Amino acid sequence: MTASARQVPAVRLGPRSVAALCLVSAIGVVAFGWPLLAGSGSGLAHSQDAPWLFAALLPLLLAVVVATIGDRGLDAKAIAMIGVLAAAGAALRPLGAGTAGIEPMFFLMVLSGRVLGPGFGFVLGSVAMFASALLTGGVGPWMPFQMLAMGWVSMGAGLLPGAVADPPGRAGSRARGRWRGRRELLLLAGYGAVASVGYGLVMNLQGWPYIGGLASGVSFVPGDPLSANLTRYLAYCLATSLGWDLPRAVVTVVLTFALGGTVLKALRRATRRAAFEAPVAFEAPGGPPDRS
């Protein structure tokens, strides 16, 4: 396979892009998990400013990531594809409004991240969640956390074995070939199920420490040992969100097996035709210039 015919990721990740993604992910982990380490005298249970602080900070960090990735290789064709897929994801999310776990958006985000790479996946997941929040009226202090969590879901799909980042050449082609067809669908269905449940578990951390009036067995207690709070957190997830997370995983798996092959082919065909990062050559009118 020639260099020009190889599939190229829509968004290349250079050292600065990787550093920016690691930075925003590290800040995101702190944003989600710092209440678990808060002291008993912090007044966390009655605090309302911390969620707004992180809600203001995370979009700025996401903007830094997008700018850094764009400086590395986010061309007009990649931007157009992000817009189309983000709009499709935003349109899919309201289809399950009011029905527990019916969220076909996850299926599309996982497959898009798989085909188009981790950098594209992170940007796409964040933008699609932002667009869907605007479409459904779900704008609030939780939205940046949703953007970050969905970015992780799509980025993780691009880091699975046999993705576009495999080395070129015969060895790389054989490695990619081992992860095509039914094996690839099994891989993506398994990842989609884990990511669907993981998304719900992570998002619970955004609101659980600030919810008052819960039973003592599932409520957050500032200053308690981390193990005790984690035990209550798991009990809270089992009692509240698992009824949404498991159906979301089932829907993602079913859609992956039912439509995954067709969608993967369409995305790969669109990527090849877009020819991301292909060099552009201009010729003078009437043929090549006279070099005599």
Side-chain angles (χ1 to χ4, degrees), residues 1 6-14 17-18 20-22 24-25 28-29 65 69 73 78 81-82 85-86 88-89 92 103-129 147-202 245 248-272 276:
M1 182 180 293
R6 288 198 307 267
Q7 181 175 326
V8 179
V11 178
R12 294 181 297 120
L13 291 181
S17 304
V18 171
L21 282 171
C22 291
V24 72
S25 295
V29 170
V65 173
I69 294 175
M81 186 166 287
I82 285 178
L85 291 175
L92 285 174
E103 297 186 61
M105 176 184 186
F106 280 76
F107 151 77
L108 181 61
M109 295 299 103
V110 168
L111 267 62
S112 298
R114 168 67 173 177
V115 172
L116 296 157
F120 186 100
F122 183 85
V123 177
L124 173 62
S126 301
V127 173
M129 186 57 72
M147 293 168 60
L148 184 60
M150 185 58 77
W152 285 339
V153 169
S154 297
M155 181 175 67
L159 295 173
L160 293 173
V164 295
D166 286 341
R170 296 180 62 184
S173 298
R174 287 196 298 270
R176 286 190 295 273
R178 289 196 297 267
W179 292 103
R180 293 294 186 263
R182 186 165 183 82
R183 173 177 284 191
E184 183 175 36
L185 292 181
L186 285 170
L187 175 68
L188 293 176
Y191 171 80
V194 173
S196 296
V197 175
Y199 174 88
L201 295 177
V202 168
D245 299 337
R248 182 192 301 124
V250 171
V251 169
T252 302
V253 170
V254 170
L255 289 177
T256 298
F257 282 123
L259 303 175
T262 302
V263 175
L264 287 172
K265 289 179 181 178
L267 288 172
R268 287 182 172 128
R269 187 183 305 113
T271 302
R272 286 194 300 269
F276 295 113

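Worth saying up front: this structure is predicted, and the values here are computed from it rather than measured.
Considering only heavy atoms from C-beta on, R268 stays 4.5 Å or farther from K265 through its side chain. Looking at M105 and M129, their side chains come closer than 4.5 Å, going by heavy atoms from C-beta outward.
Closest approach of P161 and R114 over heavy atoms only: O-NH1, 2.6 Å. Listed here is the closest heavy atom pair of D245 and G200: OD1-CA, 3.4 Å. Among all heavy-atom pairs drawn from V110 and Y191, the shortest one is CG1-CD2, 3.9 Å. Counting all heavy atoms, side chain and backbone alike, L185 lies closest to G261 at CD2-N, 3.8 Å. Nearest heavy-atom pair, A193 versus V253, reported as atom, atom and distance to 0.1 Å: CB-CG2, 3.8 Å.
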Evaluate the side chain to side chain contact (heavy atoms under 4.5 Å, CB included) criterion for residues V115 and V263: first the C-alpha distance (whole Å), next the side-chain angles of each, then the deciding distance (0.1 Å), finally the verdict. CA-CA 10 Å; V115 172; V263 175; over 6 Å; no
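Under the side chain to side chain donor-acceptor pair (under 3.5 Å) criterion, S112 pairs with no residue at all, not counting sequence neighbours. In this structure, S126 has no side chain to side chain donor-acceptor pair (under 3.5 Å) partners at least two apart in sequence or on a different chain. With sequence neighbours left out, the ring-ring contact (aromatic ring centres under 6.0 Å, His included) criterion links Y199 to F106.
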Less than 3.5 Å apart, which donor and acceptor atoms pair up between the side chains of residues 116-125 and the rest of the protein, not counting sequence neighbours?
none

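Atom CH2 of W152 sits about 11.5 Å away from atom CG of L21, to the nearest 0.5 Å. For the atom pair CE of M109 and OG1 of T252, the computed distance is 11.5 Å after rounding to the nearest 0.5 Å. E103 contributes atom CD, which lies 13.5 Å from atom CG of L108 (distance to the nearest 0.5 angstrom). For the atom pair L111 CG and L267 CG, the distance stands at 6.5 Å (nearest 0.5 Å).
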